[in-house]
A.B. asks: 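Structure below; questions to follow.
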Amino acid sequence: MNSSPFSVNLFSFFIRIDYCTKNSFNTKAKNMRYPFSEIENKWQRYWEEKKVFKTDLDKTHNKLYCLVMFIYPSGAKLHCGHWYNYAPTDSWARYKKLKGFNVFEPMGYDAFGLPAENYAIKTGIHPYDSTMQNIKDIRQQLKKMGGMYDWDSELMTCSPEYYKWNQWIFLQLYKKGLAYRKNAPVNWCPNDQTVLANEQVQPDGTCERCGAVVIQKNLTQWFFKITEYAEELLSGLDKINWPEKTKLMQRNWIGKSIGAEINFDVDGSDEKITVFTTRPDTVFGVTYLVLAPEHPLVDKLTTYVFKKDVEDYRDSIKSLTEIERTSTLKEKTGVPIGSFAINPVNGKRVPIWIADYALLTYGTGCVMAVPGQDERDWEFASKYNLPVIRTVQPPEGFEDKAYTGDGIAINSGFLNGLNVEEAKEKIIEWLEKNNYGKRKINYRLRDWLISRQRYWGTPIPIIYCPVCGEVPVDEKDLPVELPYNVKFKSEGTSPLLSNEEFMNVKCPKCGGAAKREADTMDTFVDSSWYYLRYLDPKISGQIFNKDLAEKWTPVDMYVGGAEHATMHLLYARFIHKFLRDIGLVNSDEPFANLIHQGTITNNGAKMSKSKGNVVNPDEFTSQFGSDVFRLYLMFMGPYELGGDWSDKGIAGTDRFVQRSYDLFEKFKGILSKCLPNENYKITSLNEEEKLIYKKINQTLKKYDQEINNFRFNTAIAALMELLNELKNLDKCSDEIKAYTLKRFAVLLGPVAPHLAEECWNLIGNKKSLMEEPVWFDADPKALIKDSVNIAVQVNGKLRTTLVIPADSEETAVKQSVLADEKVSRYLKDRTVVKEIFVKNKIYNIVVK
RNA sequence: GCCGAAGUGGCGGAAUUGGUAGACGCGCUGGACUCAAAAUCCAGUGGGGCUUACACCUCGUGCCGGUUCGAGUCCGGCCUUCGGUACCA
């Protein structure tokens, strides 16, 4: 080589490059100590080829149905939020499998829905095509995650074999009068161009899906009569193990109120006004009645003089949005209509008003106003100078406003002197006896509006015939297939209208020309019974395998987001109860246990494609592998809490995996050297062995408790503590090494499934861990502590800690306590007043 | 407004029935290895004080008060954040 300066430079330059490359290769090699990609592929292939996760559903002994809410196959694919939902739940399922349960964990696709259709409007790509593509991608991602899903049970709601049974359910409900059509004021989302159920409108009056402000429209729509089950939906909550807050939300949503209906005659008219009240005891204090402005009686009862005022008032209400109108912040408004009602209990003539605070959709749409006992009535009465009569004696010092508490009835004729509960009973008896009213329970829950003016959903199986009217499709003609060719222009009418071939049909009754219903069903119908179909998703001729459904439901563990509290989780309970009533299932509730994973946000906002803040798990799994990522998600914090996304700590779980793998590599094949006993006598072990033997057994116990209760973060912390302790495994006999590593590998099984299989295999096991599940219980003898640390306090302040033999009695402890200089110096020149001793915990001396 | 949950180091978070606050991890600091860096390993790591040092003292779980020998934990009154709900008679 020529030694010109140039070439020397060039040479050193190359050396440098070479060096860097080598180093970066080394770095990589270091990172690759645990070849996750190879190992994960290997075990995923093994599980799949050996059908390790195919559940034998005929074996119902120890059955455990573990379910996560199925996935909406959106274009954003799997994001961190999905992983956070699925991976820990899968770890729980694996834990149960290792413990010997026959676990069924299926996965499927909630494949109908708006986003795919909106995507079609934007891009022209058909919802079917985009959905199928998304499912294909998501299935691959799910497999890479390493879930133990039984892929033979996979289902998608957009297949005719599935949605046929949505239609079938519709027809069964229809037969029983539980699916019906009515004209009603309904929620309309101007952005999604469809109606929405009450449950799908957010508190601020926006659309649950897209956030647009929802408006009210009067339309004729299909409803499911969920209110028929209101009482059972309420009482059933006491029988299921769900988070209290979720049950409370459902209770509030159902909103049961107990009271009475009271009939008021109208002066000079044959009409009666029936009001609903929870406070019939206050009826003597009625000073006016209020009707909802839209109430049909208003037209009949408004007197000539008041006609214009009433019309003007109604117009002024119309210009307000529903949110403005129903906002509690807004001052109540109203006008009198000129008529008077007669109070049945005392014959008093009271004016009838209309006001925005009376809602047509609740109760009878008519309210008896008792300003003395109701805050809203008080506010209204003060504004319009209406009289106030107190009927319950307020406590002394009570200031000028409505009194809603308990007390003695006053100004109330034959009720005087009774307390609220007694008065309620007595007045209801009186009303019923005199035919002026009756006991009545009302619910806030409304019927479930299931029509959607959209394409990508289940067609409603109804035909409209000019002669026969509304005719249900015959069951044998199901499914009413969703045609492929339609125009995806969202114009507030159903896209199906654009397909003549679909729309025009012969009437099943008379054979004449008729039209199909062009609306589709709310996709929450699909998700109301999918857990039953999973058990035999290909079954034809019946909605699901009844025999298996009776054996396998209710679902033992259901995991999904809390945002479904008053939607999916309510609808599914309703449909389950209906299916029970028509003899298809034998349980009252679909989900026996429920857990909500917390929400993973990104910069404070929920991850969504539209917000552009979706964190893609692929970047982490390609760098660290699935196990490290799963571990990290579980280690982040309490599962039910969620939190804001940060990848800051992922290095910690990566190190844990690397170090664990190193340890097993180091003691590769240990089981071929020796077979460890079930347990060891502690006294036969050397000091290091003793410590490790105790630690592994303590960990078995702790881990078991933690993971059983979905406390993955502390379960993993226990494994990390164990691994730290295993630094000294070298100093143990081969038997103890084998004993410990066998158990450690099993503990890794749920939380790091691929790593665990590899480690299990490394130490010399032939069968895969998941193929032949193994679990070890802790040796109770190893859990016994022979010495404990007790805290020694003087006046409640920690002065020292002492190591003493476990279960030492007070007198023995006292000696060592008093002998300690750190303690005795605080006792000098003081008198001991009291001594508190808690065995194995604390010795506290109180001095003066 | 009402209902529910939660506030603990620089950060994520631990803490059985009231009994040694800060497990585990991240980050940071120092050291070892290296020509050097990365990786790895070892040690330290709540604030303040004091000491040559070992040690010791003191304050600390959103704020104020209470119960108790002892309070992150129980009680009363607030503050903040996040969910749910919105005139439901």
Side-chain angles (χ1 to χ4, degrees), chain A residues 19-20 23-24 26-31 33 202-205 243-246 248-249 251-253 255-257 259 275-279 290 323 325-330 332 355-359 361-370 373-377 379-380 442-446 562-563 565-566 599 601 604 632 635-638 640-644 646-653 655-656 658-659 662 705 711 713-714 716-721 723-724 727 789-802 822 833-836 838 840-847:
Chain A
Y19 205 78
C20 289
N23 269 305
S24 68
N26 271 344
T27 309
K28 210 165 182 187
K30 255 328 199 204
N31 282 339
R33 269 181 327 180
Q202 293 182 312
D204 60 354
E244 276 308 315
K245 70 164 186 185
T246 309
L248 188 66
M249 273 194 242
R251 281 191 194 105
N252 290 340
W253 189 261
K256 180 181 185 175
S257 13
V275 302
F276 172 74
T277 177
T278 54
R279 294 295 302 275
V290 190
I323 319 144
R325 195 188 136 181
T326 57
S327 164
T328 45
L329 302 169
K330 183 184 143 295
K332 300 172 199 353
D356 51 2
Y357 79 96
L359 305 174
T361 44
Y362 183 76
T364 60
C366 310
V367 180
M368 64 175 218
V370 190
Q373 263 67 234
D374 184 283
E375 280 160 18
R376 292 155 304 180
D377 297 343
E379 193 193 315
F380 193 81
N442 254 323
Y443 299 91
R444 185 180 167 277
L445 183 69
R446 309 288 159 76
E563 68 275 15
T566 54
T599 312
T601 54
Y632 178 60
F635 189 60
M636 271 173 36
E640 270 118 318
L641 228 64
D644 207 46
S646 157
D647 56 13
K648 257 177 150 183
I650 197 162
T653 50
R655 281 177 201 144
F656 171 74
Q658 301 290 355
R659 289 170 57 208
D662 284 349
Q705 280 171 359
R711 291 191 294 258
N713 54 333
T714 44
I716 292 166
L719 295 186
M720 288 173 168
E721 275 189 61
L723 180 62
N724 290 341
K727 263 181 263 181
N789 251 338
I790 75 157
V792 182
Q793 302 180 336
V794 178
N795 286 349
K797 285 197 173 169
L798 182 74
R799 291 309 170 190
T800 191
T801 60
L802 294 175
K822 286 172 203 151
V833 183
K834 199 175 175 185
E835 282 159 277
I836 292 114
V838 180
N840 297 336
K841 286 236 167 96
I842 204 155
Y843 198 101
N844 187 10
I845 303 170
V846 187
V847 295

A.B. asks: Check every strand shown and say whether A:K727 touches a base, only sugar-phosphate, or nothing at a heavy-atom separation below 4.0 Å.
C.D. replies: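 Counting heavy atoms under 4.0 Å across all strands, the contact made by A:K727 is with sugar-phosphate only.
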A.B. asks: Would you tell me whether A:D377 and A:Y357 have side-chain atoms, one donor and one acceptor, within less than 3.5 Å of each other?
C.D. replies: yes
A.B. asks: Pick the nucleotide of RNA chain B nearest each of A:K256 and A:K797; which residue has the one closer to the 5' end?
C.D. replies: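 Nearer the 5' end of the strand: A:K797.
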A.B. asks: How far, in whole Å, is B:G22 from B:A14 if one measures between their P atoms?
C.D. replies: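 It comes out at 15 Å once rounded to the nearest Å.
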A.B. asks: For a quick test of reading the model: is some side-chain N or O of A:K822 closer than 4.0 Å to OP1 or OP2 of B:C56?
C.D. replies: yes
A.B. asks: Kindly say if A:K834 contacts the phosphate of B:C69, meaning a side-chain N or O under 4.0 Å from OP1 or OP2.
C.D. replies: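 Indeed, a polar side-chain atom of A:K834 lies that close.
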A.B. asks: Establish, with yes or no, whether the OP1 or OP2 oxygen of B:A86 is under 4.0 angstrom from a side-chain nitrogen or oxygen of A:R444.
C.D. replies: yes
A.B. asks: Which atom pairs link the protein and nucleotides 18-25 of chain B when you take only N or O atoms and keep those under 3.5 Å?
C.D. replies:
{"unit_1": "B:G19", "atom_1": "N2", "unit_2": "A:Q793", "atom_2": "OE1", "d": "3.3"}
{"unit_1": "B:U20", "atom_1": "O4", "unit_2": "A:N789", "atom_2": "O", "d": "3.4"}
{"unit_1": "B:U20", "atom_1": "O4", "unit_2": "A:N789", "atom_2": "ND2", "d": "3.4"}
{"unit_1": "B:A23", "atom_1": "O2'", "unit_2": "A:E721", "atom_2": "OE2", "d": "3.1"}
{"unit_1": "B:G25", "atom_1": "OP1", "unit_2": "A:N724", "atom_2": "ND2", "d": "3.1"}

A.B. asks: If the C1' atom of B:A86 is compared with that of B:A6, how far apart are they to the nearest Å?
C.D. replies: 23 Å
A.B. asks: Could you go through nucleotides 47-51 of chain B and list every protein N or O atom that sits under 3.5 Å from one of its N or O atoms, giving the distance for each pair?
C.D. replies:
none

A.B. asks: Note every stem involving RNA chain B: at least three consecutive Watson-Crick or G-U wobble pairs, i with j then i+1 with j-1, with both distances under 3.5 Å.
C.D. replies: B:1-7 with B:79-85, B:10-12 with B:24-26, B:27-32 with B:40-45, B:46-49 with B:56-59, B:62-66 with B:74-78
A.B. asks: Check every strand shown and say whether A:V846 touches a base, only sugar-phosphate, or nothing at a heavy-atom separation below 4.0 Å.
C.D. replies: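 Sugar-phosphate, no base atom in range.
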A.B. asks: Considering only the C1' atoms, how many Å lie between B:G47 and B:G10, rounded to the nearest integer?
C.D. replies: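 The same atom, C1', in both gives a distance of 13 Å.
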A.B. asks: Pick one for B:G9: is it syn, with its angle within 90° of 0, or anti?
C.D. replies: syn
A.B. asks: Compare side-chain N and O positions of A:R799 against OP1 and OP2 of B:C69 and report whether any pair is under 4.0 Å apart.
C.D. replies: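 Indeed not, no polar side-chain atom of A:R799 lies that close.
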A.B. asks: Determine: side-chain N/O of A:S646 to OP1/OP2 of B:C11, distance under 4.0 Å, yes or no.
C.D. replies: no
